[in-house]
Structure formats: structure tokens, C-alpha cells
Protein chains: 4
Amino acid sequence: MNRVGEVRRKQQRGIRTRMALLEAAGRVFSRMEYDKAKLKDISDDAGISLGSLYFHFGNKDDVAAAVLDAQQERMTEVLSSVVETEGSSLGRLLDLLDGVAELISADALVQAGIRLVGSLPDELKDRGYGFYEEWQRVAETLIREGLEDGSVTSTAPAPELAEVVHETFIGAQVLSGMMDGWQTLPARIERARPRLEALLAPEA
Amino acid sequence: MNRVGEVRRKQQRGIRTRMALLEAAGRVFSRMEYDKAKLKDISDDAGISLGSLYFHFGNKDDVAAAVLDAQQERMTEVLSSVVETEGSSLGRLLDLLDGVAELISADALVQAGIRLVGSLPDELKDRGYGFYEEWQRVAETLIREGLEDGSVTSTAPAPELAEVVHETFIGAQVLSGMMDGWQTLPARIERARPRLEALLAPEA
Amino acid sequence: MNRVGEVRRKQQRGIRTRMALLEAAGRVFSRMEYDKAKLKDISDDAGISLGSLYFHFGNKDDVAAAVLDAQQERMTEVLSSVVETEGSSLGRLLDLLDGVAELISADALVQAGIRLVGSLPDELKDRGYGFYEEWQRVAETLIREGLEDGSVTSTAPAPELAEVVHETFIGAQVLSGMMDGWQTLPARIERARPRLEALLAPEA
Amino acid sequence: MNRVGEVRRKQQRGIRTRMALLEAAGRVFSRMEYDKAKLKDISDDAGISLGSLYFHFGNKDDVAAAVLDAQQERMTEVLSSVVETEGSSLGRLLDLLDGVAELISADALVQAGIRLVGSLPDELKDRGYGFYEEWQRVAETLIREGLEDGSVTSTAPAPELAEVVHETFIGAQVLSGMMDGWQTLPARIERARPRLEALLAPEA
DNA sequence: AATGAATGAGTTTTCATTCAT
DNA sequence: CATGAATGAAAACTCATTCAT
């Protein structure tokens with residue numbers, strides 16, 4: 001156990017350092033573009049040496065990739081937890097938007113991931129874009145379920161409904177990110193909720 | 001040839017050079033971020049010397065500002081021409097989206113302006129953002145007029161309707177820009193049109 | 001002619017700068033290994049900015065490649081001038097060794113090329129090695145001619161004779177380079193001359 | 001288990017680790033220059049931690065020095081065993097070349113030593129060079145003995161004969177090292193043997 | 001106006017070496 | 001003895017900007 005405990009302790013230390021660097025990267029990348037952000041900014045923000053940053057991530061692209069991965073993980077987590085909730089499909093879809101909006105406005109690392117997608121070196125582009133496509137598929141699935149459970153009543157094709165919902169959500173993200181650093185994103189989504197309800201479940 | 005003619009000819013030449021550089025800047029900035037784009041890329045793309053680029057624009061920020069100005073000018077042009085059209089306010093609003101989508105998908109300089117807004121040095125941010133706010137005001141105005149002329153029947157508050165329309169449009173821009181360099185933006189807007197009509201003028 | 005003269009003058013300046021950098025690279029690379037040599041050393045030696053070095057050569061490998069090219073050019077020049085000389089083939093072969101030895105001991109850039117061959121990034125290896133193979137072919141050709149004109153009387157196969165001559169010459173280069181920076185290479189070759197004569201034209 | 005046995009076991013383990021690192025250093029240094037080779041490459045190649053490498057060798061120069069020592073030891077071993085052989089001095093000299101060629105082509109650590117000599121930090125240069133001088137003295141001694149026992153019949157001065165033999169051998173090493181990682185060195189020496197015999201013992 | 005060479009102030013990256021465990 | 005994380009100093013490379021012509 002001496003040996004084993006030692007190893008574990010060392011790993012712990014490394015993991016903690018890596019995490020601290022990752023969070024710092026999140027803060028830095030959420031404030032500025034990929035190219036504007038200097039790795040020195042990140043290591044300074046973390047209070048850890050630049051060399052250590054390289055030890056843990058290898059190069060700048062890999063730092064960005066790690067941020068992207070962490071973002072997607074956190075968003076997927078919200079997605080899973082909300083989707084498995086009780087309630088109508090429409091309700092869950094809208095709750096999902098709320099949940100993600102909340103996450104984005106509160107988590108610099110997630111904000112960083114969002115910014116990063118727009119200014120990524122080519123090799124990382126797919127990694128970022130793929131997530132957007134998946135996200136729209138989730139919306140479409142919930143809408144289809146909503147058509148079955150009666151919570152969605154629009155007669156429009158599900159893919160097109162999903163597309164518009166997705167566009168609206170992305171637009172809200174971009175505009176709130178631009179205007180106030182995502183602080184008002186939840187409020188925006190709150191305001192949009194009745195509009196989306198009207199779209200998916202018109203009173204008729 | 002007299003002095004005056006010569007001067008005029010030189011000016012003509014200068015203007016043409018400036019234009020060529022501006023278009024090249026559009027092409028380059030539409031393909032990559034502000035920081036990724038090198039002034040050498042632009043002068044190479046234009047086939048004009050780097051020194052000349054500096055002669056005409058002074059520095060990198062000014063190149064971006066010029067691109068932004070040109071973009072806004074071209075978008076404003078579409079805006080004016082569509083708004084002054086005959087027809088219902090709702091129709092004009094939706095035609096406006098069509099028109100702008102068309103412009104974006106066809107004009108690299110306009111695409112460049114859109115990209116630039118997301119990755120601008122701080123001093124230029126307001127210049128880019130202001131346009132977005134104005135754009136939403138136009139939507140709101142048209143919606144208000146639609147309420148008067150009966151083409152808009154939704155009972156929701158005009159500002160909130162304008163906000164959602166704006167978000168959807170921006171979202172469509174971002175997604176099409178991301179996925180295929182804005183090629184499919186007009187098709188996206190076409191698909192979204194019935195959804196936006198349902199939102200603004202529910203059958204009921 | 002104004003325009004043209006101007007262009008020519010500019011080019012001249014660039015060419016002169018490039019040459020100065022190349023010679024400096026020769027001096028530096030002749031004194032130390034590729035990896036030990038810093039580009040700053042070269043630009044300092046030339047009294048020209050590091051940025052300018054990059055402007056002219058792009059990167060470190062390309063500097064080395066340029067040195068290599070220049071070395072091969074200079075050696076080829078000697079080769080041509082000696083080979084076209086009057087006299088027996090054997091005489092010309094041995095004069096060639098003399099001539100190259102002289103060149104090596106006098107020209108830092110050529111020394112640099114020799115050193116570089118031993119410590120080259122993989123992409124450049126072939127470029128350096130090829131020259132050695134060609135060099136041996138020349139020796140073989142001269143030996144064959146010597147068999148015809150009677151100046152070479154050894155009954156051994158020409159390729160094997162050429163190989164040994166080549167090995168001896170290379171060995172002399174390496175040892176003199178190691179011991180005294182090629183200063184005594186001509187003397188070494190002078191001493192070896194009767195041995196090589198004995199080898200190629202034994203008295204019988 | 002008692003204290004002493006434990007200590008001995010630890011020592012054994014340490015020696016084995018040191019050896020593994022040394023062999024790994026041989027493999028790495030035989031593939032690349034001193035400066036190109038990273039200590040991490042060596043510890044990775046050995047599958048042993050970098051910290052351990054430092055524990056056993058102190059610093060990079062010391063690793064190189066240890067490789068050099070091991071090379072010289074192995075070469076000296078061959079030298080001794082061949083020189084003490086029965087037979088003519090000329091035969092022993094040529095057998096010596098064969099033996100060393102064989103060793104070089106088979107032993108990465110020896111190859112490493114050879115490469116290292118060409119790219120060594122200044123402090124280690126003498127250590128590497130000295131061996132070359134000694135090597136030539138051995139050749140000269142054998143040639144002198146050959147003059148006495150009649151196996152060497154050339155009338156040229158012994159030092160000059162030794163010099164040429166040495167040059168040829170070094171040249172063969174360099175060329176085979178360059179072309180194919182010393183795989184064909186024994187064959188080269190085999191081919192050169194009759195030439196060297198002709199040189200040292202001309203038929204007359 | 002136009003050109004392209006030149007510069008310097010960063011930035012990314014590398015790696016020998018040290019250190020805590 | 002052994003490990004692997006951490007560090008700092010150095011080097012390669014980039015590029016906006018200036019300058020001489």
C-alpha cells in the first residue's frame with residue numbers, strides 16, 4: 001500500500017494540476033479568441049508554470065481540444081439529466097434549453113467551448129461541429145416523441161421544427177454571448193419559451 | 001496630357017487598388033478569424049504589395065473596419081430596398097430575411113463582416129455590435145406595422161417577437177456559416193419562413 | 001528604365017543580404033553541429049536581424065539546405081574545372097582530390113556543408129548523401145578512362161578501386177575536420193598521393 | 001531476509017537498471033545526434049523513468065561519456081583479442097579491421113560511440129578524439145612489426161602507411177554509417193582488403 | 001502610389017534539470 | 001532506488017509595422 005498509495009497520491013497531484021489548468025483555460029478562452037489567448041495567460045491565471053501546461057497538454061491545440069471535450073461532457077450531462085426527467089416531451093425539450101442556458105451562463109469552461117467552436121484550427125473543427133449536429137438530433141427526437149404523447153401539435157415536419165428551435169437557441173447564445181458574456185442567456189430563453197410553445201403546440 | 005488628367009488618373013488607379021485590396025480582405029476574412037488572417041495573406045490574394053496595403057489602410061484594424069463598413073453598407077442597401085417595397089409588413093419582414101440571406105451567401109465581403117464581428121479587437125466591437133441592435137429594431141418596427149396593417153396577428157409583445165425572429169435569423173447564419181460557408185443560408189431561411197409566419201400570424 | 005533600375009537595385013540588395021546570411025551560416029555551421037548552431041548566432045555573425053534571416057530562408061532547415069546547395073555548387077565547380085584539364089586520367093583524379101582538399105580547407109561554407117551532412121534532419125539526408133554517390137561515380141569514370149589511356153594499371157575492378165579511393169578521401173576529410181578544422185587536409189592528401197598512385201598504378 | 005542480502009539485491013537491481021539505460025542510450029544515440037537525442041527518448045526506450053536516468057548518470061553529458069567509455073572498452077577488447085592472435089602482422093592488422101567492422105555493425109552501443117564523436121560537447125571531444133589517435137598508433141605498430149616479419153613489403157614510411165589505412169577505415173565507417181546504418185561495413189572492409197594488401201605488400 | 005526588404009517584439013514550443021513523494 | 005510532475009531558460013518561428021527606394 002505504500003507503493004500504491006504513493007502512486008495514487010502522485011496521480012492525484014497531476015490530475016489536480018491538470019484540472020486547474022483546464023479551468024484556467026476555460027476562463028481565458030471564454031474571455032477571448034483562440035488566437036488572442038496566449039498560453040502564458042492561461043498558466044498565469046492558474047498560477048502554474050508554462051512548462052507544466054505543456055507537460056499536461058502538449059500544445060495549444062490540445063489545450064483547446066481538452067476544453068472542448070470538457071464542455072461537451074458537461075453539456076451532455078445536463079442533456080442526459082433533463083431528458084430522463086418526468087413530464088411531457090415538449091416540456092422536457094424546453095426544460096433542456098433552460099438547463100443548458102443555465103449551465104452556459106454559469107460555467108466559464110462551457111462558454112469557452114462555445115467561443116472556441118467559432119475560431120478553431122481546421123483539425124479541430126469537426127470535433128466542435130459534430131456536437132451541434134447531435135444536439136439538433138436530440139431536439140428532433142423529443143419533438144417526435146412530443147407528437148406521439150400529444151404535447152407537440154404542430155403539423156409541420158419534425159426536422160424543420162427541430163431546425164428552427166435549434167437556430168433560435170444558437171442565435172440566443174450568440175447574441176447573449178456578444179452582448180453581455182452570456183449573463184442574460186437564461187432570461188432570453190425564458191422570454192423565448194412561450195414563442196417556442198406557440199410554434200410547437202399552437203392553440204388552434 | 002495635362003497635369004489635372006494625370007492626377008485624376010492616379011486617383012482612379014488608387015481607388016481601384018484600394019477596392020481590390022478590400023475585396024481580397026473580404027475573401028480572406030471570410031475564410032478565417034481576424035487573428036489567423038495575416039495582412040500578407042490579403043496582399044497576396046489581391047496580388048498587390050504589402051506596402052500598398054499599408055498605404056491604403058494604415059493598419060490591420062483599419063482594414064477590418066473598412067470591411068465592416070462595406071458589409072454594413074451592403075446590408076443596409078438590401079434593407080432599404082426591401083423595406084420600401086409594396087406589400088404587407090409581415091411579407092416585407094420575411095422578404096428582408098430572404099434578401100439578406102441571399103446577399104450573405106453570395107458576397108464574401110459580407111461574410112467577412114459577419115465573421116469579423118465575432119473576433120474583433122475591443123475597439124471595433126461596438127461598431128460591429130451596434131449593427132445587430134439596429135437590425136433588431138428594424139424587425140420590431142416592421143412587426144409593429146404588421147400589427148396595424150393586420151398582417152401580424154400574434155398577441156405577444158412586439159419586442160419579444162422581434163427578439164425571437166432575430167435570434168432565429170442569427171442562429172441560421174451561424175449554423176450555415178459553420179457547416180458550409182453560408183452556401184445553404186437561403187435554403188435555411190426558406191425552410192424557416194412558414195415557421196416564422198406561424199409564429200407571427202397564427203391561424204387561429 | 002527608372003522603374004526597371006529600381007527593381008534591379010532592390011533585388012540586388014536582397015541578394016546581397018541573402019548572400020551575407022549564407023556566408024555567415026557557413027561560418028557558424030562549420031564551427032558547430034546543426035542543433036548546436038542557433039539561428040541567432042548566424043544573424044549576429046552576419047550583423048543582420050533574425051527576422052531578416054527568416055524572411056530570406058523561412059526556417060532553419062532551409063538555411064541548412066541552402067548551405068548544402070552552395071557547397072555542392074562550389075565543389076562541382078572544382079570538379080568540372082579539374083576534370084576538363086589536360087593530362088592523364090590518373091593525374092586528373094589525384095589533382096581533383098587536391099583541388100577539393102584545397103577548397104575545403106579554405107572555404108567555411110564548404111566545410112559547413114560537410115559537417116551538415118552528418119547531422120541533418122531526415123528530409124535533407126538524401127540531398128546530402130546523393131552527392132557522395134555521384135562523387136564516387138566520377139572517381140570510377142576517371143579510373144576507367146585511366147585504364148584506357150594506360151595511366152591506371154591495377155588489375156582490380158574499377159568500382160572497387162573507386163570505392164577505396166573514395167573511402168580514403170572521406171576518411172582524410174573526417175580526420176582532418178576532427179583534428180584541426182580541415183587546416184591540414186591538403187597536406188594529408190599530399191601525403192596520401194603516392195599511396196594512391198601505388199594502388200592505382202603499381203610499378204609491377 | 002537480512003540487511004546485507006537486501007542491500008546486495010538492491011545493488012544488483014541498480015546495476016541492471018543502469019545497464020538497461022546504457023543500452024537504451026546506445027540505441028538512441030546510434031540513431032541520432034547528441035543534440036537531437038532527448039533524455040526522455042532514452043528513458044522511454046529503456047522503459048525506465050527519467051528520474052532514474054538522472055539518478056544513475058547525473059546529466060546528459062555523463063550519459064554520453066558512459067556510452068563513449070563502453071564503446072572504447074568493447075573496441076579495445078576486440079583489438080586486444082585480435083592483436084594477440086597467431087599469424088603475420090599484416091594478417092593481424094587486416095583481421096583487426098574485420099573484427100572491428102563486425103563489432104560496429106552488430107553493436108548499437110558502439111555505433112552510438114562513433115556518432116557521438118562527431119557531435120560532442122567540447123568537454124568530451126578529447127575523450128573521443130584520443131581514441132582515434134591511439135587507434136592509428138596501433139596500426140603503425142603492426143605495420144612496423146610487419147616490416148620486421150616480412151609481411152609488409154612496402155618501402156613507404158610506416159606512419160604514412162598507417163595514416164592511409166586509418167583514413168580508409170574511417171572513410172568506410174562514415175560511408176557505411178551514412179548509407180545503411182553500418183549494416184554493410186563488414187562487406188566494405190572485405191572488399192577493401194585486397195586493396196590494402198596491395199598497398200602494404202606490393203607483389204613487386 | 002507602389003514595392004518588397006528589414007526589423008523587433010512577441011509567442012509557441014522544447015528540454016535539461018530539479019524536486020516532492 | 002524509483003517515479004513522474006514541475007520548472008525556467010533558451011530557441012524557433014511569426015507577423016504587424018516601418019523604411020528605403
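So you know, we letter chains A, B, ... as the sequences are listed, proteins then strands, and number each from 1.
For the pair D62(B) CG and dT17(F) C1', the interatomic distance rounds to 13 Å; values are reported in whole Å. Rounded to an integer number of Å, the gap from R18(C) CZ to dG4(E) C1' is 16 Å. If you measure from atom CZ of F57(A) to atom P of dT13(E), you get 14 Å, rounded to the nearest angstrom. Note: CD1 (I15(A)) to P (dA6(F)) measures 11 Å, nearest angstrom. The NZ atom of K36(C) sits 12 Å away from the P atom of dA12(F) (whole-angstrom rounding). Atom CG of D44(C) is separated from atom P of dA12(F) by 12 Å (rounded to the nearest Å). In this structure, NZ of K40(B) is placed 16 Å from C1' of dT18(F), rounded to the nearest angstrom. Going from atom CG of D41(B) over to atom C1' of dT14(F) covers 12 Å, rounded to whole Å.
Residues R31(D) and D45(D) form a side-chain contact, since some pair of their non-hydrogen atoms from C-beta on lies under 4.5 Å apart. D35(B) has its side chain out of reach of M32(A): every pair of non-hydrogen atoms, C-beta onward, lies at least 4.5 Å apart. Side-chain contact between Y54(A) and L39(A) is present, with heavy atoms from C-beta onward closer than 4.5 Å.
Heavy-atom distances to DNA chain F give each of T17(A) and D61(C) a nearest nucleotide, and the one nearer the 5′ end belongs to T17(A). Sequence order on DNA chain F of the closest nucleotides to N59(B) and L53(D) puts L53(D) first from the 5' end.
Taking only side-chain atoms of I48(B), from C-beta outward, the nucleotide of dA16(E), dA2(F), dT3(E) with the closest atom is dT3(E). Closest to the Y54(B) side chain, of the nucleotides dT17(F), dC13(F), dA6(E), is dT17(F).
At least one donor-acceptor pair closer than 3.5 Å links the side chain of Q72(C) to the backbone N or O of R127(C).
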Between the protein and nucleotides 8-11 of chain E, are there any N/O to N/O pairs under 3.5 Å, and if so, what are the atom names and distances?
none

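The side chain to side chain contact (heavy atoms under 4.5 Å, CB included) search around Y129(D) returns M178(C), V117(D), K125(D), not counting sequence neighbours. With sequence neighbours left out, the side chain to side chain contact (heavy atoms under 4.5 Å, CB included) criterion links E23(A) to R27(A), R74(A), L109(A). In terms of the salt bridge (charged side-chain N to carboxylate O under 4.0 Å, His left out) criterion, K38(D) has no residue partners (sequence neighbours excluded).
Taking atom P on both nucleotides, dT21(F) is separated from dA1(E) by 22 Å, rounded to a whole Å.
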Show me the donor-acceptor pairs, under 3.5 Å and distance only, between side chains in residues 60-68 of chain D and residues at least two apart or in other chains.
from: K60(D); atom 1: NZ; to: Y34(D); atom 2: O; distance (Å): 2.9
from: K60(D); atom 1: NZ; to: A37(D); atom 2: O; distance (Å): 2.8
from: D61(D); atom 1: OD1; to: Y34(D); atom 2: OH; distance (Å): 2.3

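The two residues A70(B) and L22(B) make their nearest non-hydrogen contact at CB-CD2, 4.2 Å.
Comparing the local axis fitted to the first five base pairs of the helix from dA2(E)-dT21(F) to dT21(E)-dA2(F) with the one fitted to its last five gives a bend of 10°, rounded to 10°.
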